[in-house]
Amino acid sequence: QVQLAESGGGLVQAGGSLRLSCAASGGIFSSYHMGWFRQAPGKEREFVAAISWSGTRTDYGDSMKGRFTISRDNAKNTVYLQMHSLKPEDTAVYYCAASKLLSRVKDVYHSWGQGTQVTVSL
């Protein structure tokens with residue numbers, strides 16, 4: 001199983017940007033599709049974005065389209081989430097996850113990181 005570790009979270013003002021990273025180890029990173037999810041207090045874990053193993057296909061949650069960009073560097077075993085025009089409602093713990101399927105469904109992801117907190121202030 002691949003191990004995942006997110007980084008790059010923090011406190012940012014509304015309208016600002018952050019780039020999250022997720023470093024993978026212990027598996028063949030380039031064989032996995034990767035996803036980002038987020039979970040705010042008291043809410044369900046929500047799909048944010050996904051990228052195919054090759055990086056040629058991407059998918060985004062509706063409220064993220066046009067603001068977030070997912071990318072990956074298989075040579076560095078890392079997937080990224082660039083976030084622009086952040087809003088207070090983007091405040092959540094952000095998780096990366098690995099899957100054999102490219103999906104919006106969290107249950108098909110078999111490996112998860114510990115998460116990184118993103119807080120967007122007014």
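Keep in mind it's a predicted model, so treat the numbers as computed, not measured.
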With sequence neighbours excluded, residues passing salt bridge (charged side-chain N to carboxylate O under 4.0 Å, His left out) with Lys43: none
When you compare the side chain of Leu81 with that of Phe68, does any pair of heavy atoms fall below 4.5 Å? yes
Leu102 and Ser52 have their tightest heavy-atom pair at CD1-N, 3.7 Å
Count I, L, V, M, F, W, Y as connected when their side-chain heavy atoms are under 4.5 Å apart, and connections chain through other members. Are Val48 and Val12 then in the same cluster? yes
Do Val79 and Ile70 touch side chain to side chain, with heavy atoms closer than 4.5 Å? yes
Hey, are the side chains of Leu18 and Leu86 touching, using non-hydrogen atoms and a 4.5 Å cut-off? yes
One should read off an interatomic distance between Ser31 OG and Trp53 CH2, to the nearest 0.5 angstrom, of 9.5 Å
Cation-pi check, Lys106 to Phe47: give yes when NZ or CZ is under 6.0 Å from the six-membered ring centre and within 45° of the ring axis, no otherwise. no
Decide whether Met83 and Tyr60 are clustered together by the hydrophobic rule: side chain heavy atoms of Ile, Leu, Val, Met, Phe, Trp, Tyr closer than 4.5 Å, transitively. yes
Roughly how far, to the nearest 0.5 Å, is the CZ atom of Arg57 from the CD1 atom of Ile51? 10.5 Å
Return yes if some donor-acceptor pair links the side-chain N/O of Gln114 with the main-chain N/O of Ala5 below 3.5 Å, else return no. no
Could you pull out the closest heavy-atom pair between Asn74 and Phe29, with the gap in Å? OD1-CE2, 3.1 Å
Nearest 0.5 angstrom please: Lys87 NZ to Ser63 OG, how far? 7.0 Å
Side-chain (Thr78) to main-chain (Lys76) donor-acceptor, under 3.5 angstrom: yes
Could you grab the distance from atom CH2 of Trp36 to atom OG1 of Thr116, nearest 0.5 Å is fine? 7.5 Å
Are Tyr32 and Val2 side-chain neighbours, meaning at least one heavy-atom pair lies under 4.5 Å? yes
4.5 Å side-chain heavy-atom contact, Val120 and Gln13: no
Is Val108 close to Lys100 at the side-chain level, that is, under 4.5 Å between some pair of heavy atoms? no
Evaluate whether atom CG of Leu11 has more than 12 neighbouring non-hydrogen atoms of other residues, nucleotides or ligands under 6.0 angstrom away. yes
Correct closest heavy-atom pair for Glu6 and Cys96 would be OE2-N, 2.9 Å
Give me the atom names and distance for the closest heavy-atom approach of Ala50 to Ser103. CB-O, 4.0 Å
I need the Gln1 CD to Ser25 OG distance, nearest 0.5 Å. 12.0 Å
Shortest non-hydrogen contact from Ser30 to Arg72? CA-NH2, 4.1 Å
My understanding is that only residues two or more places apart in sequence, or in another chain, count here; which of them pass side chain to side chain donor-acceptor pair (under 3.5 Å) with Arg38? Glu46, Asp90, Tyr94
For the residue pair Leu20 and Val118, establish whether any side-chain heavy-atom pair is separated by less than 4.5 Å. yes
Residues in side-chain contact (heavy atoms from CB on, under 4.5 Å) contact with Gln82, at least two apart in sequence or another chain: Ser17, Arg19, Thr69, His84
Once you measure the plane-to-plane angle for Trp112 and Tyr95, does it fall in the parallel (<30°), tilted (30-60°) or perpendicular (>60°) bin? perpendicular
For the atom pair OG (Ser99) and CG (Asp107), what is the distance rounded to the nearest 0.5 Å? 10.5 Å
List the steps, then state whether ring-ring contact (aromatic ring centres under 6.0 Å, His included) holds for His33 with Tyr109. CA-CA 9 Å; His33 304 303; Tyr109 288 80; 8.9 Å; no
